[in-house]
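Down below is the structure, laid out as structure tokens.
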Amino acid sequence: MNTKPEHIIRLEDLGPRVQPKEFLLNNSEQELIAACQAGKRVAQKRIYELFAPKMVNVCRRYAKDLEQARDFMHDGFIKVFLNITKFRGEASLETWVTRIMINNSITAIKKEVRRGIKVNLDDVKLKESESFDFELERKQPITAAQVFDTMEELPLGYRTVLTLYILDGFTHKEIGEQVGISEGTSKSQLAKGKRLLAKMLKERYQ
Amino acid sequence: MKKEQRNMDSFLKEKLDGLEHGYRNDWSVFEEKLERALFFRRLRVGAVVSVFLIFLSIGIFGTSAFIGLGEKAGALITNSKGKVMPAAVAPQIKDANTRKDEIDGSERMEQQSAVAPGPSRSEGLTSESRAGPEVLPKVAEEVKAGKNDGKEKAANLAVLTEKSNPLAQAGAKENTQKVAGKSSLSNRKSVAQNSGSAEGKNTLKTPLKKTNIDKQKSMALAETSFERGEKGQQPAGLPEATAEDEDAADGQPEEAKLKRPALVQALSLEESMKKGAVQELVVRPPLMPVKIEMPTGPYVSPLQEDNPWSVSLNVYPNFTFRKFKVDNAKLTYIHRDFIDATKAAERGGFSLNMGLRVSRRVGPITYINSGIEYINYKTHAEFDFTNFRDAQIDESTGRIQHYTIKESPEHISFNDANVYHYLNIPVSISHQPWATDHIRLNMEAGASFMYFLTARGRTINYQTLEVIDISERDYRNKIGSFSLKVGATYHLSPKFNFGLEPTLMYFTNTIYTEEYPFEVIPYSMGVNLKVQMKLN
């Protein structure tokens, strides 16, 4: 290691002091955005560290595994930082970032989803005995991880539409535009997805 | 059923909304990706700007005003042998490019065929074969010397015969331009047929009406040639009357007479031959069929220097970025706030480089370049942060053991321009795949050896965050770099040119010695404005 002492310049010689901007301590969202728009790496790091734990979960809903979710998230954040000058503050930064993450993830799996929807034409019909008992679930709760694992086994079309509609609050029209399917297809995919999920949950945990 | 579906919605929301998947902070991995994305974005922007500027420069410099300026400033024109001469000295010789456009391959072949004598005289001799005496001896000489197989001569001859054909011009004056063009083409064709076929056919649309005087005179000249050359063979290029000529003469006799210096000279040549003044007008048929080679090589600008070696003075500004890298294994040697503060503070800057460049032309449009340059890399440092903790360093290992919070946080704020000076010895190969007389597109790739000279500016200590002079740091004395350039240059004269060259230059190593736990790798990217003056 370099042990050579480095020549020190006295701070007093450096002229008038400027008010500090402590990006690593307490700073408002507006300050962070402004700093990010100015290309300050510290602010970018702060935003990343603030939102990454949540965004990786958002991306995980659309990715096949955690590794792919991380890639989706990284690509999403790159888009966030490259386009942050376009952020006008109409929604909160978190909403804007989440939307970018979802859009980015959907774009990545869009082809696969559409292919899946075309192939998956079978109608899911349930008998009364196959439907999921929500009353029973309250007594014997199923964990979130179990529900997620079951959802992961759904065909990609069902799963994507289900996630977009229920968890991310997209309308069928928006889903149609996002995935490149009709509104009707989105509705039928959602209904079939729910039925299939109910059936699978019933079979496994009730 | 609907109720059940609603239940499913709320059930899934409740279960999955708060689900976490075990996130670990991977900022360093992401930062690399972000750097790469930013780099490619700059590259894209640079490429778009460069392409725009290249087209703009071609648009601006390619206008006639600039070309005129260039010619006034001593533009040169090549003759058929590739020699460079001033435009004023050789006004009748056209630019190689223009000539190439004017005469297409087939026409040139016909022109060339006109040099070779046909086996028999046809009725279809035209004004083309009436090239004046200034051409005749020249043609005869060339044929005699057996030098009639060069593409350059064909082109040269084409230009000269056209120039020395006032009768065709006179004829063209009467007719419309279209008709004139047609007849000129027909003339060439009939000349070709004259040489290629024993029974030359007249390709003129209008019937030939020859004036007696013209025929007599020209036949007399032809006969003279027969006597001196091979019997039964006719040298091409002898004067003969054509319909156009007659039209021209009939329409404006006085004017036509005035416009017939070639004919007058032909007659005087005939007289000279009769008197025996011209002894050596002998035309022989070619032993081999004449093969015309089309020009296949790249276009070489007439402003290209004669000497393959050239020494020039280069001045170019460029914009520098730098890549800051930290090895994760060495993080314990660096104050936690140093990386963020440095990354936030430093940004690229413009610098001016200059040097002496030696080029050697190794192909028609390929050069090998070397030289010596003084270059400097500038970064602007704008530090503005608060140091609120002190690193406790293990003196024996240099590692930071822990941090203690300062009683009074220290605010560090200063601006400075950090400049790193190097002596650069580049070696590169450049190729100019496209060129006009004045503009050349240049592609260059190479590497260079750089020797560190000095560094000036201020930064912060990576362990204590105190402000230091950058000259105190240890730098690698020798460092390498790669460069890639694509650009356009405008050549005002063989000695002076300027251009826009989008350039990417990347250092192979960090500028600091291995002792430092972090790396700073500069790279410059941008549109270099180059001004080059050749010294030899």
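Note that the structure is predicted; figures quoted are calculated from it, not measured. Within every chain, numbering begins at 1; the chains are lettered A, B, ... in the order of the sequence lines, protein sequences first and strands thereafter.
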Test applied, side-chain contact (heavy atoms from CB on, under 4.5 Å); reference residue, B:Leu16; option that passes from A:Ile166, A:Thr163, A:Leu167 = A:Leu167

Flag if over 12 foreign heavy atoms under 6.0 Å of NZ, A:Lys54 | no

Check whether B:Asp26 gets within reach of chain A through its side chain, its backbone, both or neither, counting any heavy atom under 4.5 Å.
-> both

Output the distance between atom CG (B:Leu12) and atom OG1 (A:Thr150), rounded to the nearest 0.5 Å.
-> 10.0 Å

What's the verdict on salt bridge (charged side-chain N to carboxylate O under 4.0 Å, His left out) for A:Arg41 and B:Asp340, showing C-alpha distance, side-chain angles and the deciding distance?
-> CA-CA 7 Å; A:Arg41 186 54 55 84; B:Asp340 289 338; over 6 Å; no

Does the side chain of B:Leu38 come within less than 4.5 Å of A:Phe81's, by heavy atoms?
-> no

What pairs with A:Ile78 under side chain to side chain contact (heavy atoms under 4.5 Å, CB included), at least two apart in sequence or on another chain?
-> A:Leu82, B:Phe30, B:Lys33, B:Leu34, B:Ala37

Any chance CZ of B:Phe449 has more than 12 other-residue heavy atoms, nucleotides or ligands included, within less than 6.0 Å?
-> yes

Is it the backbone or the side chain of A:Asp71 that comes under 4.5 Å from a heavy atom of chain B, or both, or neither?
-> both

Given A:Ala52, A:Gly39, A:Pro53, the one with more heavy-atom pairs under 4.5 angstrom with chain B than any other is A:Pro53

State whether the number of non-hydrogen atoms from other residues, nucleotides or ligands found under 6.0 Å of B:Glu407 atom CD is greater than 12.
-> no

Is B:Lys406 atom NZ crowded by more than 12 heavy atoms from other residues, nucleotides or ligands, each under 6.0 Å away?
-> yes

Between A:Pro141 and B:Lys15, what is the shortest heavy-atom contact and its length?
-> CB-NZ, 4.3 Å

Residues forming a ring-ring contact (aromatic ring centres under 6.0 Å, His included) with B:His421, sequence neighbours excluded = B:Tyr374

Under the side chain to side chain contact (heavy atoms under 4.5 Å, CB included) test, which residues partner A:Thr171, sequence neighbours left out?
-> A:Lys173, A:Glu174

Under 4.5 Å from any heavy atom of chain B - which part of A:Gln146 = neither

Which region of B:Glu35, side chain (C-beta onward) or backbone (N, CA, C, O), has a non-hydrogen atom less than 4.5 Å from a non-hydrogen atom of chain A, or is it both or neither?
-> side chain

Does atom CZ of B:Arg456 have more than 12 heavy-atom neighbours from other groups under 6.0 Å away?
-> no

Does A:Leu201 reach the side chain of B:Phe11, with side-chain heavy atoms less than 4.5 Å apart?
-> yes

Interface residues of residues 56-67 of chain A facing chain B - non-hydrogen atoms under 4.5 Å apart | A:Val56, A:Asn57, A:Arg60, A:Arg61, A:Leu66

Can you find a heavy atom in the side chain of A:Arg70 that is under 4.5 Å from one in the side chain of B:Arg24?
-> yes

Contact class of B:Arg347 relative to chain A, heavy atoms under 4.5 angstrom = neither

